[in-house]
Amino acid sequence: MSNGPVLALVGATGAVGTVMIDILNGRESVPWGEIRLIASARSAGKKITVRGEELTVLALAPEVFDGVHVAMFDVPDEISAQWAPIAAERGAVAVDNSGAFRMDPEVPLVVPEVNADKVRQRPRGIIANPNCTTLSMMAAVGALHREFGLTELVVASYQAVSGAGVAGVERLYAELSAVAGKQVGVTAGDVRAALTEAGLSQEDSPFPAPLVLNVVPWAGSLKQDGWSSEELKVRNESRKILGIPGLKVSATCVRVPVVTTHSLAVHAVFEREVTVEQAHKVFAAQPSVVLVDDPAAGVFPTPADVVGGDPTYVGRVRQALDFPNTLDFFVCGDNLRKGAALNTYEIAEALAPEFS
């Protein structure tokens, strides 16, 4: 590779790490002089080709960060909590995709399209990547906020099973196989009976109810007053990213039988009057937003159309009939790409000029 800063990818063999490598391989050019792949001891020694060069995966250890300028972490919270500070102590800027540091007041929470300036305000040497649900709408919401001044946000999410990891994807495929070719779905009992017959216990599922032929109004863990952790992330992270501490936010997170791509129905209230035509112009001007909005022709974004894409897709843009200064719209974003790997990498690229 050419002269330039050193990039490390921690969690290189995981689901998001694999997408990260696809992104690196798909770039026309990269600013990195060296790329290091890092994973657990059991993955050490594996060979992975990155930009035409076969790289050996290194075992996670303090010394692997020596000489690294930017270290991207795509690992569970507890791993990031332990190792991101170690990377920072060794001189790297840690860009973390877990939830370990998102609400730390000394760690910026960054979406480059919205608050790229925050990458230089990192007293702990760590930058956090938002939750994939929040991130799926943030390019669109942030663009509208800059023009019209956001005051309230009500969101319903439709979250893909890949947000629950490999176990979520495997469970959905197993449930689909269990009901395939059967006349089920008249009652919840029909579905549960088919799953039981196939040997699928609900206790072994990452979801609290069957997902096949169903939707489950729950994602995350239980928090105070009946809220889920995913719903509170949408509230707290939106406030931090947009720089609006008093933003009124309410979210309902729903898991749907989709493999990849989160969708959100957004109800946004603004300080100033806004029209659909104005919103269309704002969206069309954003390089990372694709406007797909012709309902008369049946044209609007759906998860199946968005998988594998980098942008945020927006459609069904409407003025709320009974609420002033308000827009309703539908957003789709690939939760493994823009919702995780791509945003992390875009933060890393924003840092690269500091070390060139």
Side-chain angles (χ1 to χ4, degrees), residues 95-97 99-124 126-157 220 223-225 227-253 262-276 278-279 281-283 285-289 312 314 317-320 323-331 333 338-339 343-344 346-347 350:
V95 184
D96 181 42
N97 189 39
F101 301 100
R102 287 174 185 152
M103 299 315 298
D104 186 321
E106 294 188 313
V107 174
L109 185 63
V110 174
V111 179
E113 299 96 320
V114 180
N115 62 345
D117 59 301
K118 299 296 184 184
V119 299
R120 303 189 187 281
Q121 302 170 21
R122 46 175 200 268
R124 296 190 62 184
I126 301 170
I127 299 171
N129 191 64
N131 175 263
C132 54
T133 311
T134 309
L135 193 45
S136 294
M137 67 172 175
M138 200 46 60
V141 170
L144 292 173
H145 170 57
R146 288 192 295 272
E147 293 292 327
F148 308 109
L150 185 68
T151 60
E152 300 179 25
L153 199 57
V154 180
V155 177
S157 72
K223 299 299 181 181
Q224 188 174 2
D225 298 325
W227 293 97
S228 78
S229 57
E230 286 281 306
E231 291 159 350
L232 294 181
K233 287 175 186 177
V234 172
R235 176 178 182 263
N236 297 333
E237 293 179 15
S238 295
R239 289 175 165 183
K240 186 173 180 179
I241 295 164
L242 295 168
I244 315 174
L247 181 66
K248 296 179 180 179
V249 183
S250 183
T252 300
C253 291
H262 288 350
S263 305
L264 299 97
V266 180
H267 176 88
V269 183
F270 301 93
E271 296 173 354
R272 297 178 287 280
E273 184 179 354
V274 57
T275 67
V276 171
Q278 288 172 318
K281 289 180 179 178
V282 169
F283 291 141
Q286 307 309 308
S288 63
V289 173
T312 297
V314 181
V317 184
R318 293 150 287 149
Q319 273 188 296
F323 303 90
N325 302 349
T326 304
L327 287 175
D328 288 288
F329 54 94
F330 193 71
V331 180
K338 180 55 179 174
N343 198 76
T344 305
E346 287 174 337
I347 295 170

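Residue numbers run from 1 in the order of the sequence given. Computation of the quantities below employed the complete heavy-atom set of this structure, encompassing side-chain atoms and omitting hydrogens, waters and symmetry-equivalent molecules.
Across every non-hydrogen atom of Arg239 and Leu247, the tightest pair is NE-O, 2.8 Å. Here the closest non-hydrogen pair linking Val282 and Phe148 is CG2-CE1, 4.0 Å. The minimum heavy-atom distance linking Gly333 with Ser136 is given by the pair O-OG, 3.9 Å. Shortest non-hydrogen contact noted between Pro130 and Asn97 is O-OD1, 4.4 Å. The minimum heavy-atom distance linking His267 with Phe323 is given by the pair CE1-CD1, 4.0 Å. The heavy-atom pair separating Leu264 from Met137 by the smallest distance is CD2-SD, 4.1 Å.
The closest side-chain donor-acceptor pair between Thr133 and Glu230 falls under 3.5 angstrom.
Side-chain contact between Phe270 and Leu327: present, with at least one pair of heavy atoms (C-beta onward) separated by less than 4.5 Å. With a 4.5 Å cut-off on side-chain heavy atoms, Glu346 and Val95 do not count as touching. A 4.5 Å side-chain heavy-atom check between Thr312 and Glu113 finds every atom pair outside the cut-off. Side-chain contact between Leu153 and Ser238: present, with at least one pair of heavy atoms (C-beta onward) separated by less than 4.5 Å. Two residues are said to be in side-chain contact when any heavy atoms from C-beta on lie closer than 4.5 Å; His145 and Val114 fail this criterion. The closest side-chain heavy-atom distance from Leu135 to Val111 is below 4.5 Å. Residues Asn343 and Lys338 form a side-chain contact, since some pair of their non-hydrogen atoms from C-beta on lies under 4.5 Å apart. Counting heavy atoms from C-beta on, the side chains of Ser250 and Trp227 come closer than 4.5 Å.
Between the side chain of Arg102 and the backbone N or O of Ala128, no donor-acceptor pair lies under 3.5 Å. Remark: side-chain polar atoms of Lys223 are not paired, donor with acceptor, to backbone N or O of Glu231 under 3.5 angstrom. A donor-acceptor contact shorter than 3.5 Å is absent between the side chain of Lys233 and the backbone of Cys132. Distance alone, capped at 3.5 Å, is enough to place a donor-acceptor pair between the Thr151 side chain and the Val269 backbone.
The distance from the CD atom of Gln319 to the OG1 atom of Thr326 is 9.0 Å, given to the nearest 0.5 Å. Rounded to the nearest 0.5 angstrom, Ile126 CD1 and Asp96 CG are separated by 7.5 Å. Here CG of Asn236 is found 4.5 Å from CE of Met103. Values are rounded to the nearest 0.5 Å. Rounded to the nearest 0.5 angstrom, Asn129 CG and Thr134 OG1 are separated by 10.5 Å. To the nearest 0.5 Å, atom CD of residue Gln278 and atom CG of residue Leu144 are 10.5 Å apart. Distance CG/Asn115 to CD1/Ile241: 6.5 Å, rounded to 0.5 Å.
Residues passing the ring pair (Phe, Tyr, Trp, His ring centres under 6.0 Å) test with Phe101: none are found, sequence neighbours excluded.
The number of heavy-atom neighbours closer than 6.0 Å to CZ of Arg120, taken from other residues, nucleotides and ligands shown, is 12 or below. Residue-environment remark: CD (Glu273) stays at or below the threshold of 12 foreign heavy atoms within 6.0 Å.
The pair Glu147-Lys281 does not count as a salt bridge, with every side-chain nitrogen at least 4.0 angstrom from each carboxylate oxygen.
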>> side-chain contact (heavy atoms from CB on, under 4.5 Å), that's the test. Do Phe329 and Val276 meet it? Break it down for me.
In response: CA-CA 10 Å; Phe329 54 94; Val276 171; over 6 Å; no

